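To keep things clear, I will list the structure first and then write my remarks on it.
This one's a predicted model, so the numbers in the text were calculated from it and none came from an experiment. Note: hydrogens, waters and symmetry copies are ignored here, and every other heavy atom, side chains too, is used. FYI, the numbering just counts along the sequence from 1.
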Amino acid sequence: FSIHESMMVSIHKSNRLFKSLTDISQSNENDSNKKEIGLIQGMLIELMEVQEIRHRILARGKGNVENMSEEYQNREKSIIAHLEETNKNASSYDPELVLLISGYLINYYDYLEFYADQQKKQTSLMISLNKLKSLGGELKDLAIEYQGVVLAQLQRSRGELNAQMERDSFLLLSAVVFSILFVALVVWLVISRGIVSRINYLIDLILSGENVGFQVDKTSGDEIGKLSKALSTLMTDQRQLNFSNEILEDIARTDELGDILEKIVLWYESENKGSFCSVLLLDEEGKHLVNGVAPSLPSFYNESIDGLAIGPNAGSCGAAAYRNELTIVKDVRIHLLWVDFRKLAEKAGLRACWSQPIVSSKGKVLGTFAVYYNVPKGPTEEELNFIKFMAYKAGLAIETNYQEKALKESEERFRNFMVHSADAIFVHDAEGKLIDVNQKACSDLGYSREELLNMYVSDIEINCAPEQLKDM
């Protein structure tokens, strides 16, 4: 954001210098100078077009100058070289014009330096994202491999158990001869343990991939309990990996931020029964929290905390955003952070609130991810890790959305300059084909926009030779 802001400052400075050049042109009575100034204006407009192309490359996530056509790269170099040459021959021009050209060159070099820094940052981000995707693929392969090993072990155990039961059945039949009571006791033991049906249930559950909590009967043996816990952990990790990939795909498609955040909140609630989640966003001033999404909380509660000022005692979310640290309140009725919000929490039926700050890649607080319960409760280590994981995903979605908005606003400002400029502006390619004009150009020449876009520079500037286009 800092680099992008510096780039925008450079662009605004270029716009002011261009306006100053227009003022010089209007006040200069020397026809020779006016013509030279007109050529310089055309070159500066083309540099603005190159800047717009660079912004589009960044917006598409391809922040490398090699992604810009060779034609525009060469044109940019040619224009800068011409401006430098003009600056060297300063004695024949108006001192104010020379000073303006020198200032524009310095400012444009600063812009190129900012652009190079932005390229490096974006390239680093793409490398990290690719590493994350690679790590996700490796983790998925490892989970599948581990699941296959566990399944194979279970199948072998079931085969061994079936063989053992066949031998036990033979012994039972033999034992009938000696004691009917002994046979009844053995049958009761086998039925009460229910080992075969339990293992079949676990195998079917793995193959179905359903999100079902395991209820382990401690009387059924330590091995079964440990196996159930291991399978539950494995399936939870697999679901988290799949969900993480879905969120990354939604962000890449630039889906609506509200839809992505609501998906994150609802998924956490489905994985943690009895929880109610919310995402609050920090406003531009960094002083108030506004509603993001909270589909499961009462509407009156969301309306009451909308615009909440952050501070050291402003509830779990206000304190978390103010301190930039995880804030745990096990019981809101007795905690000092909730003194001003106890009645509101009681009306909403809320007793516990844990809030994790959502931060950008640079550590800037963007909002909070909060988890509520209607009973006093503290988080386990697994739940803490889960909350941080969800806050990270929310931060990635929010930061990406903000960057997209900033780029769109930048492009819109440039387009407004083109539309509302008081001067006729023509944009053409290297061959002199007009590719864009503003309304002032249409009114000055008496052509419609469609007619001008089917013309060449030579059609409206008779004395312009083809070889001169390289210097315009």
Over all atoms of both residues, closest heavy-atom pair of [X] and [Y]:
{"X": "V365", "Y": "L282", "result": "O-CD2, 3.5 Å"}
{"X": "W267", "Y": "M390", "result": "CE3-CE, 4.0 Å"}
{"X": "A397", "Y": "I260", "result": "CB-CG2, 3.9 Å"}
{"X": "S304", "Y": "F300", "result": "OG-O, 2.8 Å"}
{"X": "P379", "Y": "L384", "result": "CG-CD2, 3.5 Å"}
{"X": "L453", "Y": "I435", "result": "CD2-C, 3.5 Å"}

Give the C-alpha distance, both sets of side-chain angles, the deciding distance and a yes or no for side-chain contact (heavy atoms from CB on, under 4.5 Å) between V427 and L434. CA-CA 6 Å; V427 181; L434 294 179; over 6 Å; no
[atom2] on [Y] to [atom1] on [X], rounded to 0.5 Å:
{"X": "H428", "Y": "L452", "atom1": "NE2", "atom2": "CG", "answer": "13.5 Å"}
{"X": "L350", "Y": "L344", "atom1": "CG", "atom2": "CG", "answer": "8.0 Å"}
{"X": "I328", "Y": "Q356", "atom1": "CD1", "atom2": "CD", "answer": "8.0 Å"}
{"X": "S275", "Y": "E383", "atom1": "OG", "atom2": "CD", "answer": "8.5 Å"}
{"X": "L308", "Y": "D340", "atom1": "CG", "atom2": "CG", "answer": "10.0 Å"}
{"X": "L281", "Y": "L289", "atom1": "CG", "atom2": "CG", "answer": "8.5 Å"}

Donor-acceptor contact present, side-chain [X] to main-chain [Y], <3.5 Å:
{"X": "N438", "Y": "I425", "result": "yes"}
{"X": "N291", "Y": "N302", "result": "yes"}
{"X": "N416", "Y": "E412", "result": "yes"}
{"X": "N385", "Y": "E382", "result": "no"}
{"X": "E262", "Y": "P295", "result": "no"}
{"X": "R342", "Y": "H335", "result": "yes"}
{"X": "K330", "Y": "W354", "result": "no"}
{"X": "S134", "Y": "K131", "result": "no"}

Candidate pair N454 and E451, rule side-chain contact (heavy atoms from CB on, under 4.5 Å), full reasoning: CA-CA 5 Å; N454 289 319; E451 291 175 329; 5.9 Å; no
Is there a side-chain contact between [X] and [Y] in this structure, where contact means two heavy atoms from C-beta onward sitting under 4.5 Å apart?
{"X": "T327", "Y": "T368", "result": "no"}
{"X": "Y447", "Y": "V437", "result": "no"}
{"X": "N401", "Y": "K405", "result": "yes"}
{"X": "R333", "Y": "E346", "result": "yes"}

The test is side-chain contact (heavy atoms from CB on, under 4.5 Å); show your working for N272 and V371 and say whether it passes. CA-CA 10 Å; N272 297 270; V371 179; over 6 Å; no
Less than 4.0 angstrom from a charged side-chain N to a carboxylate O is my criterion; do D444 and K440 meet it? yes
Salt bridge or not for D436 and R449, using N-O below 4.0 Å? yes
Heavy-atom count around F389 CZ within 6.0 Å, excluding the residue itself: above 12? yes
Is there a side-chain contact (heavy atoms from CB on, under 4.5 Å) between V293 and I264 once you walk through the steps? CA-CA 10 Å; V293 292; I264 292 174; over 6 Å; no
If you take the centroid of each ring, where Trp contributes its six-membered ring, are Y301 and Y372 closer together than 6.0 Å? yes
Per-pair distances, 0.1 Å, donor-acceptor, side chain in residues 313-325, under 3.5 Å, sequence neighbours excluded:
| residue | atom | partner | partner atom | Å |
| --- | --- | --- | --- | --- |
| S316 | OG | W338 | NE1 | 2.9 |
| S316 | OG | C353 | O | 3.3 |
| R323 | NH2 | P312 | O | 2.8 |

